[in-house]
Structures are given as structure tokens and as C-alpha cells.
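To start, the structure under review is shown below, and the notes come after it.
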There are 2 protein chains.
Amino acid sequence: MESEELRNVGLKVTTPRLKILGLLEKATARHMTAESIYRQLTESGEVIGLATVYRALAQFEAAGLITRHHFEGGQTVYELERGPHHDHIVCVRCGRVEEFYDKVIEDRQREIATKLGFNLSDHALTLYGECSGPDCAGKKKQG
Amino acid sequence: MESEELRNVGLKVTTPRLKILGLLEKATARHMTAESIYRQLTESGEVIGLATVYRALAQFEAAGLITRHHFEGGQTVYELERGPHHDHIVCVRCGRVEEFYDKVIEDRQREIATKLGFNLSDHALTLYGECSGPDCAGKKKQG
DNA sequence: CCGATTATGATAATTATTCTCACGTGAAAA
DNA sequence: TTTTCACGTGAGAATAATTATCATAATCGG
């Protein structure tokens, strides 16, 4: 359960935290902004402060429960850290986000870092392009 | 000359634009923020508005003269688009930025995009780690 | 050199995020 | 259970980065 997750990382189990984690858990929204989380909760009747959302997200990230991404031309988005690591490809036209994992690239990154004298701790790889999804062609960035 | 560059991309040749381009041209500052450009120009006696710096940078980027990067935990930085494409590795301790190019990764990205049905137009790859530079060990993020 | 167009500097406005603070709540201990 | 109190919370102020506004000024084709 979500309460477990919170306890495991040393965070008190509170209503706002559970609500936010619960929202991120719904597969319907793999990548959400602080704003959209706040909006969805508020619209479904919850009373929560935007600051609380930001606070919780920062804590979740520090605890490794979620990951933060900053895609071009958009706000910062958060996603649950579930399953294996992956990178993203974003459609510059409709905003759709797909995930992928490529071992060749991952290995290569480590080699490069080593060669340059860095101890690799993280990386951010995002591809941008136009997708061929059925809803894409005319669609705008999202609202 | 810099005036040429501006004319070539259809921008009027103005003093602020020349100054900014000139600053970026100096190899001493491969990656600069809008703020640092503004500060350096102001400190060397120029009279320029911060808004003008942002405007010029946006235009230069649109024209392909410069590239914009948004590294974790820092402001947006700009660099001259000179020479071949490259990606970055950033030291999370001292903020030093190194550049690298890896054909294997580049090729792989294109293949991945194609496989996922995207027409790749751009990508952002940044590695993060701790460097072993002589000035690093104790140094802080930069001031 | 002139005038229409575009750029500029100063500053107000916006946007995203963080801080402040009085009050509320979770959970360890009694 | 109740108590206790460190920690969490909501509301709104504060900050930081960036963008818009607007009156003035500079560019450049004719």
C-alpha cells in the first residue's frame, strides 16, 4: 500500500502525501506537473495547498519514489519511479511522451564519463521529434 | 565578422547584438547565462537592458547561432553553435562542464526514434557526475 | 538624409517555485 | 486511549527567472 511506501522512506503518513502518491499511481498520468496534480486534487474536492504539492514532490524525489524531468518548452514533470530506468522521447507537436531503454547508450555513457574522469551519478537523455500518432498531426501542445 | 553573422540570419546589426555575440565569441565563456552576460556587459561599462539580452538570445537561438541548455540545478545557459554537435557532462560538485561527442550514441538515438515512429529533430543528453579536476574536490557550485 | 520599421532600456507583469507562519495532525510514549 | 510535540499543512507573501509593455531611439532601403 502507499502508506508502506511512505513509511519505508521515513516520511510520516499524511493525507496530502497519500493523495498525491495515489494520483501518480494511476497509470492515466505517467507524467504530471505540480500544477496539474494540484488542479486534479482540488477539482475532485480535496483541500490542499499548492505549496504542499511542491513540498511532497521534493520529498518523494529525495526519497527516490519519483523522478523529475524538465522537458524543453514545458514545466517540470514528475513520474513514479517504478520498474527499470528509462529515458524519454517527446513529440514536439502534440507533447506525447514515450519511454525507452537502450543498453548500448547506457553502457556508452558510463564509458564516456570514465574516460573524461567523471564518476557518473546520473544522466538526462531526451529525444525530440514529431510522432506519427493518430491524434497528433493537428493537435496542439496540451491544455 | 559578427555583423556578417547577423545579416546572414536576417537580423539587423545593432550594438547590443554585436556586444552579446562578441562576448559569446570569447572562448573564456563557453556557457553563459542571460544574467552573466548582462552583468559582464554592464560591468564593462555598456548600457544594456536585461530584456534586450533575453531577446537577443532568443533570436540567436531561433536563427541557429547559439544553443540553449538547461542543466539540473542551474539556470539556462547559452553557447555558440560552433563546430560539430556535442553533448555535455556536468560536475555536480563544482559545476564544470565538459563536452563530448559519441557517434555510437548519436546513431543509436536515430534508430530508437525511428523504431518508435518519431521523426527525430533534436535531443538533449547531459551526464552528471563528480569530476576529478584539481579545483573540484572542495569547490562549490560557482558564484 | 529620411521615414517606416524594428530595436532598445526601464520597468511592470507573469510564471514557476519556495518561504513564512499560525494552526493542525501523526505517532511515540505514558 | 490520552498526552505531547515534532513535524506537516494551507494560505498567501516572497523570490527568481523570464516575458510583456511602452515611449524613445536606432537601422537601413530608397
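Reminder, nothing fancy here: chain letters follow the sequence lines and each chain counts from 1.
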Of the non-hydrogen atoms in Phe118(A) and Val90(B), which two are nearest, and what is the gap between them?
->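 Result for this residue pair: CE2-C, 3.8 Å.
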
Mapping Leu11(A) and His70(A) onto DNA chain C by nearest heavy atom, which one lands closer to the 5' end?
->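 Mapping each residue to its closest nucleotide by heavy atoms, the 5'-most match is His70(A).
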
Rounded distance (Å) that lies between atom [atom2] of [N] and atom [atom1] of [X]:
{"X": "Glu46(B)", "N": "dA26(D)", "atom1": "CD", "atom2": "P", "value": "14 Å"}
{"X": "Tyr54(A)", "N": "dG10(D)", "atom1": "OH", "atom2": "P", "value": "15 Å"}
{"X": "Glu2(A)", "N": "dG26(C)", "atom1": "CD", "atom2": "C1'", "value": "18 Å"}
{"X": "Lys19(A)", "N": "dT9(D)", "atom1": "NZ", "atom2": "P", "value": "13 Å"}
{"X": "Arg17(A)", "N": "dA27(C)", "atom1": "CZ", "atom2": "C1'", "value": "13 Å"}
{"X": "Gln75(B)", "N": "dA16(D)", "atom1": "CD", "atom2": "P", "value": "11 Å"}
{"X": "Gln59(B)", "N": "dA20(D)", "atom1": "CD", "atom2": "P", "value": "12 Å"}
{"X": "Tyr38(B)", "N": "dA16(D)", "atom1": "OH", "atom2": "P", "value": "16 Å"}

Does Ala51(B) or Ile48(A) map to a spot on DNA chain D nearer the 5' end, using the closest nucleotide for each?
->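 Nearest nucleotide further toward 5': that of Ile48(A).
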
With the side chain of [X] defined as its heavy atoms from C-beta on, choose the nearest nucleotide among [options].
{"X": "Arg55(B)", "options": "dT8(C), dT20(C), dG26(C)", "result": "dT8(C)"}
{"X": "Lys12(A)", "options": "dC28(D), dA27(C), dA11(D)", "result": "dA27(C)"}
{"X": "Val47(A)", "options": "dG26(C), dG10(D), dA7(C)", "result": "dG10(D)"}

Scan [X] against the nucleic acid and name what it touches under 4.0 Å (heavy atoms): base, sugar-phosphate only, or nothing.
{"X": "Thr14(A)", "result": "sugar-phosphate"}
{"X": "Thr33(B)", "result": "nothing"}
{"X": "Thr15(A)", "result": "nothing"}
{"X": "Leu50(A)", "result": "base"}

Thinking salt bridges, do Arg96(A) and Glu98(A) make one under a 4.0 Å N-O criterion?
->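 Yes.
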
Hey, are Arg68(A) and Glu72(B) close enough for a salt bridge, meaning a charged N less than 4.0 Å from a carboxylate O?
->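 The answer is yes: the pair qualifies as a salt bridge.
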
Ring-ring centroid check His88(B) His123(A), cutoff 6.0 Å |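 Here the rings of His123(A) and His88(B) have centres that are no less than 6.0 Å from each other.
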
Is there a donor N/O on one and an acceptor N/O on the other, under 3.5 Å, for the side chain of Arg7(A) and the base of dG26(C)?
->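 No such pair is found, so the answer is no.
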
Are side-chain N/O atoms of His85(B) and Glu99(B) paired as donor and acceptor at under 3.5 Å?
->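 Side chains of His85(B) and Glu99(B): no pair found under 3.5 Å.
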
